[in-house]
Amino acid sequence: MLSALLSRRSAVTFRAAQPMTLPRVVPSMARGLASSSEPYDVVVIGGGPGGYVAAIKAGQLGLRTACIEKRGSLGGTCLNVGCIPSKAMLNNSHKYHDTLHDLKKRGIEVKDVSLNLPTMLKAKDKAVTALTKGVEGLLKKNKVDYVKGMGSFASPTTVDVELLDGGKTQIEGKNIIIATGSEVTPFPGVEIDEERIVSSTGALSLKEVPKKMIVIGGGVIGLEMGSVWSRLGAEVTVVEFQDAIGGPGVDGEVGKAFKKTLEKQGLKFQLGTKVSSVERHGDSVTLKAEGKSDGKGLELEADVVLVSIGRRPVTKGLNLEAIGVELDNKGRVVVDDEYNTTCKGVKCIGDATFGPMLAHKAEEEGIAAVEMIKTGYGHVNYDVIPSVVYTYPEVAWVGKNEEQLKEEGVEYKIGKFPFMANSRAKTNDEPEGFVKFIVEKESDRILGVHIMGPNAGEMIAEACLAMEYSASAEDVGRTCHAHPTLSEAFKEAALASYDKPINF
């Protein structure tokens with residue numbers, strides 16, 4: 001059971017729950033919900049990727065389950081204002097950009113191309129609505145009671161719920177899972193109005209394409225949203241405190257190549273730069289900053305400023321202090337290697353606790369936590385959690401990068417293969433990027449894979465599967481890959497790490 005986590009987190013001291021009489025469910029409870037005489041086996045607070053997946057799995061395992069969600073639509077940030085709508089905008093803005101700049105050289109003549117932004121936004125909203133309704137259908141299919149409201153702890157086994165349609169209720173559960181996710185981290189002294197100074201939520205619904213846009217933060221979200229509006233015609237400048245883009249985990253070599261590619265697409269970067277103030281003046285915004293190392297002042301003007309400096313756990317309003325659930329110094333719920341909090345019977349998964357804030361990580365934890373409740377065993381391999389930046393080209397990685405391995409003193413070998421030498425990429429005129437294997441020098445075991453190129457987000461799954469089974473690079477290199485496919489670059493990079501590639 002998640003033994004790898006034991007070395008990453010300090011031991012947890014549990015507090016015994018005080019005996020108490022469980023309150024009855026008030027009459028306003030929706031029909032079909034459990035009464036005080038029959039508490040739920042599992043109550044999940046939060047209907048995002050971690051929460052709704054946990055609820056579905058619990059239903060599939062025959063556990064009587066309720067899922068409480070305050071938003072009024074399931075899917076959490078990811079489905080409503082994050083992963084899904086941003087991918088809709090990335091896909092459609094890419095098609096628009098290709099139509100303007102790429103199709104002609106492919107022999108496709110298109111005249112009078114214009115952007116209909118309201119229609120593009122409607123397409124995004126249509127995808128979101130369809131998927132949220134789909135999740136609701138999955139809960140119903142698996143006999144999970146869906147409760148729309150804000151939950152907070154009354155006791156270790158009882159949750160008070162402020163119902164969205166008015167009234168209050170209480171829900172009892174033998175096991176309760178906190179899956180409340182995360183929210184945008186505010187920038188001190190900067191007021192987000194979602195019009196001119198926006199978060200990622202506001203950036204998904206701008207009413208017009210800004211002439212100039214500043215993105216504060218060169219991480220995944222900032223780069224993705226910056227790419228969207230750059231393709232649609234905005235002049236985009238990314239201001240980043242660190243000296244590299246992409247955020248933690250991005251291999252240094254990949255990050256440098258990625259930056260050059262985005263610059264060729266028109267994005268500008270101010271790295272190693274500390275933002276001191278952001279002020280709105282009517283329909284324009286002024287950003288002031290200074291160099292992190294030299295203190296040199298910088299002033300930029302824009303129509304829109306996107307604040308994208310990260311996310312923080314959502315725990316406010318849960319009344320965690322009443323049941324003795326501890327938080328760490330970053331506001332994350334403290335858990336052990338079975339997702340148990342410091343209150344017996346209460347678990348926590350996803351963005352509200354440790355680890356990368358990724359939807360798929362939360363999903364895996366949701367399944368593992370429920371399986372632990374049912375069987376006593378669950379599994380998540382934290383060394384094999386992939387990350388993807390859905391720009392063009394995409395950047396994806398799993399496992400360790402070179403900088404991390406050097407710091408750890410691990411001896412390794414590198415195998416690389418460029419997409420410019422891959423027949424499918426060449427045929428598609430998509431030669432940007434490469435596949436990079438990092439393998440243990442002595443054993444040839446794959447330690448990390450980093451990809452920049454077309455469909456990198458799909459290709460990284462093969463690396464995850466190989467690493468999950470502790471495959472060697474030779475295992476991949478000796479596996480037949482279809483021709484002509486982009487995945488052949490994956491095989492060739494594996495070959496390059498222990499022998500020689502065939503086509504380069």
Side-chain angles (χ1 to χ4, degrees), residues 1-20 22 39-59 61 63-68 151-159 171-182 313-358 361-383 385:
M1 290 183 288
L2 306 182
S3 58
L5 288 179
L6 288 172
S7 62
R8 304 184 188 188
R9 301 201 300 279
S10 58
V12 173
T13 302
F14 287 93
R15 298 174 180 173
Q18 297 298 314
M20 59 185 68
L22 298 177
Y40 285 98
D41 296 310
V42 177
V43 174
V44 182
I45 304 177
Y52 81 71
V53 167
I56 288 171
K57 188 62 179 179
L61 292 177
L63 299 173
R64 184 165 170 76
T65 307
C67 182
I68 304 168
S152 62
F153 284 94
S155 79
T157 56
T158 311
V159 180
I171 299 176
E172 297 175 31
K174 300 174 185 176
N175 300 278
I176 298 176
I177 298 175
I178 300 169
T180 46
S182 61
V314 172
T315 57
K316 185 178 180 180
L318 289 174
N319 199 27
L320 297 180
E321 60 277 8
I323 60 169
V325 169
E326 293 182 4
L327 304 180
D328 67 12
N329 59 5
K330 294 183 179 179
R332 302 173 299 188
V333 175
V334 175
V335 298
D336 65 11
D337 64 330
E338 295 185 357
Y339 308 108
N340 296 310
T341 68
T342 47
C343 176
K344 185 178 180 180
V346 178
K347 294 180 182 291
C348 183
I349 62 170
D351 289 5
T353 186
F354 74 98
M357 293 183 172
L358 297 168
K361 174 256 192 186
E363 290 175 353
E364 296 301 310
E365 290 179 338
I367 292 172
V370 169
E371 287 178 337
M372 287 172 182
I373 290 170
K374 179 70 175 182
T375 69
Y377 179 79
H379 167 78
V380 176
N381 184 351
Y382 287 94
D383 292 327
I385 303 291

Suppose we screen for salt bridge (charged side-chain N to carboxylate O under 4.0 Å, His left out). Which residues come up paired with K374, at least two apart in sequence or across chains?
none
D41: which residues meet the side chain to side chain donor-acceptor pair (under 3.5 Å) condition with it, sequence neighbours left out?
K174
Quick check: does any side chain N or O of T342 sit under 3.5 Å from a backbone N or O of E326, one acting as donor and the other as acceptor?
yes
Could you pull out all residues at least two apart from N319 that satisfy side chain to side chain donor-acceptor pair (under 3.5 Å)?
none
Does K347 have any side chain to side chain donor-acceptor pair (under 3.5 Å) partners at least two apart in sequence or in another chain, and if so, which?
N340
To the closest 0.5 Å, what do you measure between CD1 (I171) and OH (Y40)?
6.0 Å
Check whether any side-chain heavy atom of Y339 sits under 4.5 Å from a side-chain heavy atom of I177, and report yes or no.
no
List for me each residue that meets side-chain contact (heavy atoms from CB on, under 4.5 Å) alongside A58, sequence neighbours excluded, and say none if there are none.
V42, L63, T65, V370
Separation of S152 OG from I45 CD1 (nearest 0.5 Å):
8.0 Å
Checking T315 now: which residues fulfil side chain to side chain donor-acceptor pair (under 3.5 Å) with it, not counting sequence neighbours?
none
Side-chain contact, heavy-atom cut-off 4.5 Å: V325 with F153?
no
At what distance, to the nearest 0.5 angstrom, does OG1 of T180 lie from CD1 of I178?
6.5 Å
Is there side-chain contact between I68 and V44, with heavy atoms separated by less than 4.5 Å?
no
If we only count heavy atoms from C-beta on, is the P313 to K330 side-chain gap below 4.5 Å?
no
Quick one: do the E365 and Y382 side chains pair a donor with an acceptor below 3.5 Å?
yes
